[in-house]
*Asks:* 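What follows is a single structure, and I will ask about it in a moment.
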Amino acid sequence: MLSNLAVRDVETLIHPYTQLASFRETGPLIIERGEGIYVFDTEGKPYIEGMAGLWCTSLGYSNGELVEAAREQMAKMPFTHLFSGRSHDPAIELAEKLKEIAPSPMSKVFFTSSGSEANDSQVKLVWYMNNALGRPAKKKIISRIKGYHGVTVASASLTGLPANHTDFDLPIANILHTANPHHYRNAEAGESEEDFSARLAQQLEDLILREGPDTVAAFIAEPVMGAGGAVIPPAGYFPAIQAVLEKYDVFFIADEVICGFGRLGTWFGSQKLGIRPDTVSFAKAVTSAYLPLGGVMIPERMYEAMLDESRKIGTFGHGFTYSGHPVSCAVAVKTIEIYERDGIIGKVAAKAPLFERRLAALADHPLVGEARGLGLIGGLEIVADKATKRQFDPKKAVATKCMGFAQAEGLIVRSLMGDRIAVCPPLIVTEQEIDEIFDRLTRALDRTAEWVRHEGLQAA
Ligand SMILES: Cc1ncc(COP(=O)(O)O)c(C=O)c1O
């Protein structure tokens, strides 16, 4: 029986990333409040938010300082914009701070309200730059199969997941997808991580040569793939990729929307994984998700080209009403101040070995084929047969069932395509809470195994 509130939801809302038909039967899980790393539903049941919302609530759910920063800014100046040379203190201060902590030398910051808008802006800026540089053919952007970069028309085209393209008539022209770096699934028998990385770098080079280097503008990647499976890259992957990109003057766009601001125990994922990005997209943890904010950081050479274009055209014809919303910027400034003052990122690095160890230990579970984490993010894959890596019939949605059992155990995790489960708790999680997350997840896996036996499920 759905509650009154649940019925009102079903009758009024379209839920993102939801099977809209079956949702009409199951109804929503309605979350009412949060405290630390816990959220509470309308019945008062607590859950550990093991996904930090959508990989974003890094400082948990009850940070009074962030609330106060928003209240103060809202009372002082709730809205002013950055169009036509207007400005405000919170945007200036935030941009200065971002340049200071950026993973490579950056010249300017352009703000958006989301990760999708950030990646859309990346595509447009790369095209704009190459037109300014007199390279009108250098326009193709290479993304990766199962990479996730958002849902607006260009960013959904970058996203390498079938559900984001099918019947949306995507991807648009000039977007290519290269191999997915998931060693467990895609390496050849006996192939080391390093050899696999070298092979993928060679494939990327072959693709660039096939297309013509003077037609390839940029490559975009998440340091750790999130929505495409919570996949940790194989050893040596990014240095090998970076070398290819440098050889052909192809921009490296680091999509730091999940990994930025401490997720891997460094300010940006690029620093942890040996990436020297040309440009960076960020969002999510920049405000600990207390308010929407995203953006891109760009290098001097791109800025110089933009100067030329806007001189020629008469304006820089891009920008959102909420580009650099002052309340979001004020909250971001406070969020970064807290990361620094409380040593949040160093603490993530200190807690990471426990998180990685507890996650890796789940690989011993009879249902788990792979379990791997880095920093405070990781994924596991449920398989029907560990020896052959064969999966269950996707229609049985075994990982989604496991997610339901975890929910019953008071743990929110996320099931992803390919029977994968992602874990990505708030950065403030304690070591005891990490243990609690994995104790609950183990019980959820045990219940899933019991259900699999009961249903007599076999490999697909
Ligand atoms: C790596 C990455 N890039 C981009 C996005 C899109 O961000 P948004 O949902 O804020 O548009 C996401 C969202 O999860 C993401 O994980």
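Since this is a predicted model, take the numbers as computed values, not measurements. As the structure lists them, so they are numbered: ligands from 1, and atoms in each ligand from 1.
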*Asks:* Around atom 14 (O) of ligand 1, find the nearest protein heavy atom and jot down its residue, atom name and distance.
*Replies:* K284 NZ, 2.8 Å
*Asks:* Please report whether ligand 1 has a polar contact with G115, defined as an N or O pair separated by less than 3.5 Å (distance criterion only).
*Replies:* yes
*Asks:* May I ask you to check if K389 and Y184 form a cation-pi contact, with NZ or CZ under 6.0 angstrom from the six-membered ring centre and within 45° of the axis?
*Replies:* yes
*Asks:* Which of the atoms in ligand 1, numbered in the order shown and given with their element, are less than 4.0 Å from a heavy-atom of I258?
*Replies:* 16 (O)
*Asks:* Specify side chain, backbone, both or neither for A283, according to which of its non-hydrogen atoms lie closer than 4.0 Å to ligand 1.
*Replies:* neither
*Asks:* Write out all pairs satisfying salt bridge (charged side-chain N to carboxylate O under 4.0 Å, His left out) with one or both partners inside residues 227-250, taking only residues at least two apart or from two chains.
*Replies:* R135-D249, E205-K247, E246-R276, D249-R301
*Asks:* At a 4.0 Å threshold, what atoms of ligand 1 neighbour a non-hydrogen atom of D255?
*Replies:* 1 (C), 2 (C), 3 (N), 4 (C)
*Asks:* With backbone taken as N, CA, C and O and side chain as the heavy atoms from C-beta onward, which portion of V151 lies under 4.0 Å from ligand 1: side chain, backbone, both, or neither?
*Replies:* neither
*Asks:* What distance do F438 atom CZ and R357 atom CZ have between them, rounded to the nearest 0.5 Å?
*Replies:* 11.0 Å
*Asks:* Does ligand 1 have an atom that lies less than 4.0 angstrom from a heavy atom of L54?
*Replies:* no
*Asks:* For N119, counting its heavy atoms only, list the atoms of ligand 1 lying under 4.0 Å from any of them.
*Replies:* 3 (N), 4 (C)
*Asks:* Would you call the rings of H183 and F196 parallel, tilted or perpendicular, taking 30° and 60° as the class edges?
*Replies:* perpendicular
*Asks:* Between A221, P16, S116, which one has a non-hydrogen atom sitting closest to atom 6 (C) of ligand 1?
*Replies:* S116
*Asks:* Of the choices M225, E256, E222, H149, which has the non-hydrogen atom that lies closest to atom 4 (C) of ligand 1?
*Replies:* H149
*Asks:* Where do D419 and A397 come nearest, in terms of heavy atoms and distance?
*Replies:* OD1-C, 4.1 Å
*Asks:* For the aromatic rings, using the six-membered ring if either is Trp, is the centroid distance between F320 and F111 under 6.0 Å?
*Replies:* no
*Asks:* Can you confirm whether F316 is buried at CZ, in the sense that more than 12 heavy atoms of other residues, nucleotides or ligands lie under 6.0 Å from that atom?
*Replies:* yes
*Asks:* Does E117 have a non-hydrogen atom less than 4.0 Å from ligand 1?
*Replies:* no
*Asks:* Check each atom of ligand 1 against the heavy atoms of S114 and keep those under 4.0 Å away; list them by number with element.
*Replies:* 10 (O), 11 (O)
*Asks:* For residues G226 and I258, report the shortest heavy-atom separation together with the two atoms involved.
*Replies:* CA-CD1, 3.8 Å
